[in-house]
Amino acid sequence: MLEISSASVKASRARTRALLAWYDREGRDLPWRVKQGRADPYRVWLSEIMLQQTTVEAVKPYFAKFLALFPDVNALAAAEDQVVLTAWAGLGYYARARNLIACARIVSRDFGGNFPDTEAGLRALPGIGAYTAAAIAAIAFGERAIVIDGNIERVITRLEAIDTPLPKVKGEIRDVLEGLVPADRPGDFAQGLMDLGATICTPKSPSCLLCPLAVTCIAKARGQMTDFPVKPPKKGKKVLRSLAFVALDGKNRLLLSTRPAKGLLAGMAEVPNSHWAAQAGGLEAQPLSAEWRRLNQPVIHIFTHIELSMEIAVTRIAGPIPPPDGMRWVEVAKLNAEPLPTLFRKVIEVGLRALN
Ligand code: SF4
């Protein structure tokens with residue numbers, strides 16, 4: 001048992017060493033980054049806030065502009081809101097800019113212009129969430145914080161072939177990282193994993209041949225690289241039901257109505273049908289009083305957000321009668337001239353078959 005765990009510690013160390021060596025060689029040069037050393041907390045914080053929801057390339061010019069206008073956190077704290085917001089304009093998600101101002105003022109006023117140097121202290125500041133606090137703590141202060149972003153999630157779930165879906169998998173990713181993050185270079189390690197995810201272990205076509213961790217990657221060994229991370233199950237569509245009424249008169253005419261001018265299938269032709277709801281309802285929605293026969297063959301139709309199950313009731317009435325208000329009788333032979341959506345074409349097909 002002891003042998004197994006010491007073997008796994010050795011394997012983890014080998015992975016860590018391989019990643020750091022790769023980062024030293026291949027890690028991206030970024031304006032806010034200092035390789036093999038501690039970066040300026042202001043620069044790390046500024047870049048991490050800007051990078052939330054935004055790409056590295058989009059952030060670079062804004063980062064340069066902010067450093068020119070506000071070279072340190074005190075300068076940013078002293079700036080007028082409008083000046084900061086104007087400098088931010090175009091970067092989007094403006095709540096980030098407001099939090100940036102609020103955070104700079106707290107750091108300047110309450111901490112003498114020095115960012116708190118722990119993950120917990122950083123987490124208490126406006127606009128700094130769990131990921132950002134861990135990233136700043138590791139990169140700027142060398143704290144052995146566990147940093148997990150989307151790139152790191154992808155690399156770790158592939159390395160270990162962890163098939164727990166996101167976001168539940170985060171606990172397991174954290175456990176793996178606990179065994180990998182080195183005490184002496186936690187910031188470089190986090191940035192190395194981020195870079196690996198951004199440039200080699202990419203979502204759709206990872207370049208495993210160039211990967212420093214390939215020899216220990218379980219997903220690669222199984223040829224299942226893109227199976228990880230497992231996405232959360234898609235939320236099911238809302239299921240609605242309805243009862244459609246297919247009525248033929250003695251002249252082989254079908255009863256049709258027109259859908260409301262707004263909403264799904266607006267203005268299209270339809271056979272009369274009950275309100276689309278959790279339950280199809282009964283014959284109370286019948287458009288005319290007749291002997292209805294309910295079929296045992298619903299038509300299922302998928303809309304973007306809705307799965308509609310339309311049950312069908314059919315009737316054949318003896319003679320021509322005036323159509324109910326807002327409805328019309330249309331010869332079956334002329335149905336092609338009607339704006340009938342696929343859903344109702346299917347319903348009519350099933351209904352007519354049952355009547356013939
Ligand atoms: S071997 Fe391939 S799948 Fe595994 S971590 Fe490296 S790039 Fe990702």
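The residues of the chain are indexed from 1 along the displayed sequence. Both backbone and side-chain heavy atoms feed into the values below; hydrogens, waters and symmetry mates do not. Every number for a ligand or one of its atoms is a count from 1 in the order of the listing.
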Peer 1: Starting from atom 4 (Fe) of ligand 1, what is the nearest protein heavy atom, named by residue and atom, and what distance separates them?
Peer 2: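 Among all protein heavy atoms, the one nearest atom 4 (Fe) of ligand 1 is Cys217 SG, 2.4 Å.
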
Peer 1: Got the closest protein heavy atom to atom 2 (Fe) of ligand 1, with its distance?
Peer 2: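 Closest protein heavy atom to atom 2 (Fe) of ligand 1: Cys208 SG, 2.3 Å.
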
Peer 1: Is the shortest distance from a Lys or Arg side-chain nitrogen in Lys251 or Glu331 to a carboxylate oxygen in the other one below 4.0 Å?
Peer 2: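 No salt bridge links Lys251 with Glu331.
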
Peer 1: Which word best sums up how the rings of Trp88 and Phe66 line up, parallel for under 30°, tilted for 30 to 60°, or perpendicular for over 60°?
Peer 2: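 Geometry flag for Phe66 against Trp88: perpendicular rings.
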
Peer 1: What is the ring orientation for Phe344 with Trp276, classed by angle as parallel under 30°, tilted 30 to 60°, or perpendicular over 60°?
Peer 2: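 Phe344 and Trp276: tilted rings.
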
Peer 1: Side chain of Arg96, backbone of Ile49: donor and acceptor closer than 3.5 Å?
Peer 2: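 Present.
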
Peer 1: Just to confirm my output: which protein heavy-atom neighbour is closest to atom 3 (S) of ligand 1, and how far is it?
Peer 2: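 Nearest neighbour among protein heavy atoms for atom 3 (S) of ligand 1, to 0.1 Å: Met225 CG, 3.4 Å.
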
Peer 1: May I ask you to list the atoms of ligand 1 that are less than 4.0 angstrom from any heavy atom of Ala214?
Peer 2: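 Every atom of ligand 1 under 4.0 Å from some heavy atom of Ala214: 1 (S).
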
Peer 1: Examine all N, O or S atoms of Cys201, backbone included, and report whether one is under 2.8 Å from atom 6 (Fe) of ligand 1.
Peer 2: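 No.
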
Peer 1: Closest heavy-atom contact between Pro206 and Thr226?
Peer 2: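 For Pro206 versus Thr226, the nearest heavy atoms are CD-CG2, 4.0 Å.
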
Peer 1: Considering non-hydrogen atoms of the protein only, which is the closest contact for atom 6 (Fe) of ligand 1, and what is the distance?
Peer 2: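 For this ligand atom, the closest protein heavy atom is Cys211 SG, 2.4 Å.
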
